[in-house]
Amino acid sequence: MPAVNYRPDGDVVVLQIDNPPVNALSLAVREGLTDGLRRAAADTAVKAIVVAGARGSFAAGADINEIASGLVLKSPITREIQAQMEATPKPIVAAIEGAALGGGLELALACHWRIAANGAKVGLPEVKLGLIPGAGGTQRFTRLTGPEAALEAITSGAHLPAPRALELGVVDALADDVVGEAVRFARRVVQEKRPLRIASDVAERITGVNPEVFAAFRKKIEPKARGQLAPWRIIDSIEAACMRPKEEAFRLEREYFNECRDSPQREALVHVFFAEREARKIPDVPADVEPLAVRRVAVVGAGTMGGGIAMCFANAGIPVSLLDVTREALDRGLGAIRKNYAASVARGSLTQQRMDEALSLIRGVTEYEALVDADIIIEAVFEDLQVKKEVFANFERVAAAHAILATNTSSLDIDAIAATTSRPEKVVGTHFFSPANVMRLLENVRGTRTSPQTIATVMALGKTLGKVPVLAGNCDGFIGNRMLQFYGAEAEFLLEEGATPEQIDGVIESFGFAMGPLAVRDLAGNDVGYLIRKSRKLPPDERRSPLLQRLVEQGRLGQKTGKGFYRYEGRTRIADPEVLELIEGVSRELGIERREIDDREILERLLHPLVNEGARIVDEGIALRASDIDVVYVNGYGFPAYKGGPMYWAERAGLTHVVETMRRLAPSHGARWRPAPLLERLAASGQGWKGAQ
Ligand code: NAD
């Protein structure tokens with residue numbers, strides 16, 4: 001089968017890319033395009049060319065495996081095909097169905113015109129893999145749309161729906177029968193002898209651009225793009241498109257592309273990309289296990305999490321019943337949902353129509369009988385085993401026989417909850433993160449008796465909801481929170497020994513986390529953290545800090561009381577000498593002599609225990625593989641994706657360093673802080689995490 005079909009249609013030839021599953025621009029496709037273009041150009045009977053894709057999609061981009069290998073691609077590369085297109089004297093029209101993404105869109109941008117299906121989407125998502133579009137994408141896109149739209153679209157990597165692409169000038173027309181319309185359009189152009197429109201020569205929207213545009217945009221994305229390479233190089237490249245001569249700007253784009261391609265950030269982001277794919281594979285749940293169809297959902301508990309979870313389903317177009325014990329609690333929950341949607345409408349990120357559609361899918365109820373038709377019921381009531389058991393007893397009474405019974409618990413024993421029902425094979429944890437309608441991670445937790453179909457269903461649910469699902473085993477804290485205990489505790493020990501909250505959060509934020517551990521505590525509430533801490537039975541020999549308790553006793557609960565590890569003016573945190581006094585008092589009380597602690601020590605003492613516990617989690621089979629932990633931390637805990645996740649990061653830096661840190665900490669911190677046996681083994685043998693498999 002050729003990777004590009006050559007299909008004459010009268011005096012027009014359709015070059016149809018045919019490379020399942022997504023028409024990636026592999027070498028065979030590139031060769032097929034080059035040959036097809038050459039043949040069509042040479043045939044005098046051919047007056048125009050349409051480039052299209054088979055199976056309802058144009059082309060989803062470069063071959064990811066080629067990018068992953070980081071190699072320089074074999075000729076013809078996309079840039080050579082584009083040059084060939086722009087040198088062809090016959091009109092070339094792209095017919096975009098499905099998706100034209102990355103290299104796929106870059107190819108379409110080198111055609112003279114673009115017709116898109118109404119439901120198609122286009123975009124340059126290279127930034128998500130740490131790259132910039134390297135085949136003229138930043139140049140041609142900018143010339144068609146002007147810099148503002150290009151900056152937004154290419155630094156975010158967003159997929160633009162076809163109507164938006166038309167508005168911006170990326171495509172020239174929308175149609176239902178795209179290929180047919182592209183052929184007719186091409187004929188019209190020939191008849192009218194219309195001059196060919198070469199995007200790389202279009203200049204109206206890049207002429208007289210105010211350089212301030214770029215300075216302002218740099219300032220705007222600083223908080224999000226700090227520490228990363230690709231977004232900045234994208235801005236540089238778009239600026240070059242507007243400010244430099246064409247040839248120089250194209251050359252700069254290539255240089256920036258090469259710089260990004262060769263950077264460790266690109267490697268880390270590609271690792272995360274593959275890790276997310278891999279996480280969906282569960283060895284004892286073969287791909288042929290059919291997930292249950294989820295057509296109706298119920299969520300029980302209309303609090304912070306229940307409301308957010310209900311929104312996730314409504315956003316995916318699935319009707320959801322939301323139950324709370326009293327009318328007041330329910331109304332409060334529904335009110336919060338409405339407010340949340342309204343804020344998105346006010347911000348312009350949601351239309352009023354979409355808000356109304358979503359709200360019409362959420363039905364508030366107070367009677368369990370209303371849940372009889374749900375295919376899955378998700379419990380999100382208080383984190384109290386007794387309360388949850390009572391709620392599950394109600395499920396037992398009303399739920400349809402096929403229904404899955406899920407709990408959003410952050411740490412309770414899934415088996416203990418399952419034991420209250422007669423169908424433990426239907427019971428599973430679906431651990432959403434706050435805010436549930438925003439955070440991408442879905443940590444699914446299997447109990448001892450959870451069935452393969454139940455697991456397959458909640459994993460598939462991740463995809464339906466646009467989330468990244470990871471499967472965890474049942475233990476205190478599952479993957480994410482179990483590791484976090486050590487990170488959180490160590491932050492307090494560092495305070496006792498001489499560090500300040502600003503220093504600790506500063507180190508972690510410079511590393512790339514959105515927020516440091518103490519700022520996070522203040523956000524979640526120190527009372528909440530203290531309660532969780534108290535409920536954990538730590539071994540008697542383990543080091544513990546009284547700091548959190550002291551803060552709570554003094555009413556320093558965090559942002560909600562205006563003071564915690566910091567003082568707050570609105571949401572702005574300010575270092576507070578009172579806290580430092582409190583911390584110094586604790587140091588004195590414990591007989592610890594405060595000392596200067598350097599940033600490197602802070603980073604290692606916070607992150608190495610995280611990795612160490614991660615190794616135990618892999619060894620116990622709680623996580624199926626080390627890379628699942630990276631997926632959890634990148635999508636649920638703010639670990640910078642461009643550093644690949646904690647396990648990847650530690651492997652790159654050398655696992656022996658983690659072992660050394662843990663050997664240093666264990667004598668003062670207790671047995672749980674000893675190096676994990678798996679880690680010691682892998683470090684000694686020089687193997688990475690692959691050795692754990
Ligand atoms: P919340 O206090 O905001 O909401 C709990 C809701 O459950 C309240 O509306 C309450 O009226 C309702 N409720 C209590 N008992 C009930 C019952 N018997 N029947 C029906 N409704 C009942 O709590 P939350 O923060 O949304 O947490 C809910 C669950 O999600 C907990 O298990 C928690 O551990 C977990 N969780 C919370 C977060 C978070 O960041 N808040 C993150 C992940 C998981």
Side-chain angles (χ1 to χ4, degrees), residues 298-312 320-337 339-340 362 364-371 374 377-399 405-414 416-417 420 427-445 467 470 472 474 476-482 484-485 488 515 520-529 531-536 557-560 632 635-638:
V299 177
V300 173
T304 314
M305 294 307 290
I309 296 169
M311 289 172 76
C312 294
V320 45
S321 302
L322 182 60
L323 182 146
D324 212 304
V325 265
T326 62
R327 193 70 230 179
E328 295 73 59
L330 181 62
D331 286 343
R332 215 173 24 246
L334 291 171
I337 292 175
K339 221 169 120 193
N340 206 324
I362 302 175
V365 300
T366 50
E367 300 297 328
Y368 276 93
E369 281 64 28
L371 312 186
I377 307 181
I378 299 177
E379 165 280 307
V381 304
F382 302 137
E383 185 77 342
D384 177 319
L385 188 59
Q386 203 42 46
V387 179
K388 296 210 192 263
K389 281 183 170 173
E390 284 161 23
V391 169
F392 270 72
N394 281 314
F395 293 173
E396 177 78 8
R397 195 164 52 77
V398 300
L405 311 179
T407 168
N408 186 51
T409 179
S410 333
S411 59
L412 298 175
D413 181 359
I414 305 292
I417 295 172
T420 61
V427 177
V428 68
T430 49
H431 185 201
F432 288 78
F433 287 71
S434 183
N437 55 315
V438 176
M439 295 294 287
R440 289 182 77 222
L441 180 64
L442 176 62
E443 187 183 31
N444 290 321
V445 188
K467 302 216 175 281
V470 176
N474 185 25
D476 182 15
F478 317 131
I479 296 176
N481 286 344
R482 173 169 158 183
L484 202 65
Q485 309 170 41
M515 256 189 179
V520 169
R521 275 215 190 286
D522 274 354
L523 183 67
N526 291 319
D527 49 338
V528 177
L531 271 181
I532 296 175
R533 174 81 54 80
K534 255 197 350 195
S535 71
R536 281 216 164 88
L557 305 188
Q559 286 199 21
K560 59 186 167 191
V632 165
N635 291 294
Y637 292 84

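Remember, it's 1-based here, ligands and their atoms both numbered in the order they're listed. Basis for what follows: all heavy atoms, side chains included, without hydrogens, waters or symmetry-related copies.
Among the atoms of M305, some N or O lies under 3.5 angstrom from an N or O of ligand 1. By the 3.5 Å distance cut-off applied to N or O atoms, S410 is counted among the residues near ligand 1. Of the N or O atoms in T409, none lie within a sub-3.5 Å distance of an N or O in ligand 1.
Between K560 and D527 there is a salt bridge, with a side-chain nitrogen of the basic residue lying less than 4.0 Å from a carboxylate oxygen of the acidic one.
Of the heavy atoms in R332, none comes closer than 4.0 Å to ligand 1. Contacts between V391 and ligand 1, counted as non-hydrogen atom pairs separated by less than 4.0 Å, involve the side chain only. Looking at L412 against ligand 1, nothing comes within 4.0 Å, counting heavy atoms. Contacts of E390 with ligand 1, taken as heavy-atom pairs under 4.0 Å, are absent altogether.
Listed by chain and number, the residues in a side-chain hydrogen bond (donor to acceptor under 3.5 Å, both in side chains) with Q559 amount to none (sequence neighbours excluded). In terms of the side-chain hydrogen bond (donor to acceptor under 3.5 Å, both in side chains) criterion, residue partners of R397 (sequence neighbours excluded) are, by chain and number, E369, N394.
Among L405, T420, T407, the one residue that satisfies the side-chain contact (heavy atoms from CB on, under 4.5 Å) test with F395 is L405.
Annotation: the span from M439 atom CE to K467 atom NZ amounts to 8.5 Å, rounded to 0.5 Å.
Of all heavy-atom pairs spanning G480 and E443, the tightest one is N-OE2, 3.2 Å.
Looking at T366 and D324, their side chains never come closer than 4.5 Å, going by heavy atoms from C-beta outward.
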### Query
Could you walk me through whether T409 and I414 pass the side chain to side chain contact (heavy atoms under 4.5 Å, CB included) check?
CA-CA 8 Å; T409 179; I414 305 292; 4.0 Å; yes
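Contact annotation for atom 7 (O) of ligand 1: protein present (non-hydrogen atoms, distance under 4.0 Å).
In this structure, F433 has no heavy atom closer than 4.0 Å to ligand 1. By the 4.0 Å heavy-atom criterion, H431 is counted among the residues contacting ligand 1. Within the structure, the closest approach of G333 to ligand 1 does not fall below 4.0 Å when heavy atoms are considered.
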